[in-house]
Amino acid sequence: MKKILVTGGAGFIGSHTVVELQQRGYEVFIVDNLSNSNPDVIDNIAKITDIKPVFGKVDVAVKDELFGFLKQHPGIESVIHFAASKAVGESVEQPLKYYRNNINGLINVLEAMKEFGIKNLVFSSSCTVYGQPEKLPVTENSPIQPALSPYGNTKQINEEIIHDFIAVNKGINSICLRYFNPIGAHPSGLIGELPIGVPANLIPYITQTAAGIRECLSVFGNDYNTPDGTPIRDYIDIVDLANAHIAAINRMEQGKQKSALEFFNVGTGNGLTVLQLISAFEKATGVKLNYKIVGRRAGDIEKVWANTDLANKELGWKAQVPIEETLRNAWRWQQKLAK
């Protein structure tokens with residue numbers, strides 16, 4: 001059984017990826033500092049898979065904590081690195097928190113790979129590295145634009161760090177997955193997006209508004225150059241996204257990479273405006289949303305969606321879950337939280 005480390009594995013994307021890994025026979029080790037997640041997630045993963053992953057409350061930005069965990073659990077061959085601060089708006093307000101957590105965390109993971117003989121890294125990157133693209137949809141060859149937020153800048157910097165590290169550490173491979181907008185929840189209703197405090201992402205704010213937890217959903221800006229004036233994003237189902245990580249790990253394990261470092265866009269290839277997403281939620285669930293248009297939010301990009309041809313061809317992966325099903329799963333998860 002192959003051993004794999006998932007940093008930030010109690011988080012939204014991490015937990016769903018752990019489920020998919022376990023269902024494919026991997027022995028999964030999770031480290032997470034629980035700053036934006038709940039320890040109950042580990043038990044809920046076990047309810048889905050009948051396997052409880054090994055868990056360590058570890059802050060990867062603290063080198064001794066990460067190295068101490070890996071000394072206790074030898075033989076790990078691959079790592080999927082999710083652990084990072086991830087709210088665009090917060091990063092504008094607290095830039096040093098983002099540089100400290102996101103850059104130090106990656107450096108410690110790379111040093112650990114060298115120290116403990118870990119060969120494969122999947123890095124959780126982001127479409128934010130493209131900034132506001134000049135041409136849409138974006139391909140992996142689209143220019144890297146100046147970042148519009150410290151969060152986006154940490155993703156750009158981390159990709160550069162991985163590039164430089166891989167160049168001088170032969171035998172270590174990496175795939176950077178540039179996500180678009182992950183949404184939804186596991187069909188079981190046992191795991192999903194669980195923001196601490198006021199949600200920074202759109203879907204939990206939509207579901208909390210639908211549930212009456214939030215009085216009103218704020219739509220940030222309706223004066224963008226889009227069909228209805230609201231920003232366009234490429235919303236990808238969380239299980240589809242998790243499966244992209246399995247495909248990336250398989251590619252490295254099977255030696256199919258064309259270079260030691262590769263980049264793939266992970267999205268649906270379709271863009272939806274915020275108002276279109278709200279309409280799709282109302283249609284999928286039958287619940288009307290109370291929302292209002294407010295001013296633009298600092299750091300937000302006008303429109304971005306993916307060209308996913310490369311991931312479809314090289315990873316043998318494609319987004320499959322319809323948006324309505326994704327939104328119903330998110331709503332089911334929200335209703336379960338209320339019980």
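Computed from heavy atoms alone, side chains included, the values below leave out hydrogens, waters and symmetry copies.
- In this structure, Phe12 and Ile238 have side chains that are in contact, with non-hydrogen atoms separated by less than 4.5 Å.
- Side-chain atoms of Thr209 come within 3.5 Å of backbone atoms of Tyr205 as a donor-acceptor pair (strictly under, hydrogens ignored).
- Inspection of the Thr154 and Asn158 side chains reveals no N or O donor paired with an N or O acceptor under 3.5 Å.
- A donor-acceptor contact closer than 3.5 angstrom is absent between the side chains of Tyr151 and Asn102.
- Residues Asn173 and Ile166 are not in side-chain contact: their nearest non-hydrogen atoms beyond the backbone lie 4.5 Å or more apart.
- Each of Gln156, His81, Arg178 was compared with Ser125 under the side-chain contact (heavy atoms from CB on, under 4.5 Å) criterion, and only Arg178 meets it.
- Side-chain atoms of Ile232 and Glu302, non-hydrogen and from C-beta on, never get closer than 4.5 Å to each other.
- With salt bridges taken as basic N to acidic carboxylate O contacts below 4.0 Å, none links Glu324 and Lys283.
- Between Phe116 and Phe67, the ring center distance clears the sub-6.0 Å criterion.
- The environment of Glu215 atom CD is sparse: at most 12 non-hydrogen atoms of other residues, nucleotides or ligands sit within 6.0 angstrom.
- Side-chain contact between Trp333 and Leu194 is present, with heavy atoms from C-beta onward closer than 4.5 Å.
- Note on ring orientation: taking the six-membered ring where Trp is involved, the planes of Phe29 and His73 are tilted (angle from 30° to 60°).
- Side-chain contact check for Tyr291 versus Leu275: some heavy-atom pair is nearer than 4.5 Å.
- With hydrogens and angles disregarded, a donor-acceptor distance shorter than 3.5 Å links the side chain of Ser174 to the backbone of Leu121.
- Panel note: side chain Ser149, backbone Gly152; a donor-acceptor pair is recorded below 3.5 Å.
- Checked against the 6.0 Å centroid threshold, Tyr179 and His245 count as a close aromatic pair.
- The closest side-chain donor-acceptor pair between Thr139 and Asn141, if any, does not fall under 3.5 angstrom.
- When atom types are taken as modelled, the side chain of Asn265 and the backbone of Thr308 share no donor-acceptor pair closer than 3.5 angstrom.
- At least one donor-acceptor pair under 3.5 Å links the side chain of Asp237 to the backbone N or O of Val239.
- The existence of a salt bridge linking Glu20 and Arg24 is confirmed by a sub-4.0 Å separation between a basic side-chain nitrogen and an acidic carboxylate oxygen.
- The same ILVMFWY cluster, assembled from side-chain heavy atoms under 4.5 Å apart, contains both Val274 and Ile323.
- Remark: the backbone N or O of Trp317 is paired with a side-chain donor or acceptor of Asn312 at under 3.5 angstrom.
- The closest side-chain heavy-atom distance from Leu148 to Thr128 is not below 4.5 Å.
- Across Thr7, Thr17, Leu5, a single residue satisfies side-chain contact (heavy atoms from CB on, under 4.5 Å) together with Ile80, and that is Thr17.
- Interatomic distance, NZ of Lys63 versus CG of Asn104, reported as 11.0 Å (0.5 Å rounding).
- Contact of the Val129 side chain with the Phe263 side chain is not registered, since no non-hydrogen atoms from C-beta on lie closer than 4.5 Å.
- Although no hydrogens or angles enter the test, the distance criterion places no donor-acceptor pair under 3.5 Å between the side chain of Asn222 and the main chain of Gly229.
- Using modelled atom types, one side-chain atom of Asn44 and one backbone atom of Leu190 make a donor-acceptor pair closer than 3.5 Å.
- Between Ile203 and Leu327 there is a side-chain heavy-atom pair separated by less than 4.5 Å.
- Comment: Lys119 does not engage Glu77 in a salt bridge, judged by the lack of any side-chain N to carboxylate O separation of less than 4.0 angstrom.
- Looking at Lys3, its side chain does come within 3.5 Å of a backbone N or O of Pro74 through a donor-acceptor pair.
- Annotation: Phe220, atom CZ; neighbour count of heavy atoms from other residues, nucleotides and ligands within 6.0 Å is above 12.
- No side-chain donor-acceptor contact under 3.5 Å links His186 to the backbone of His16.
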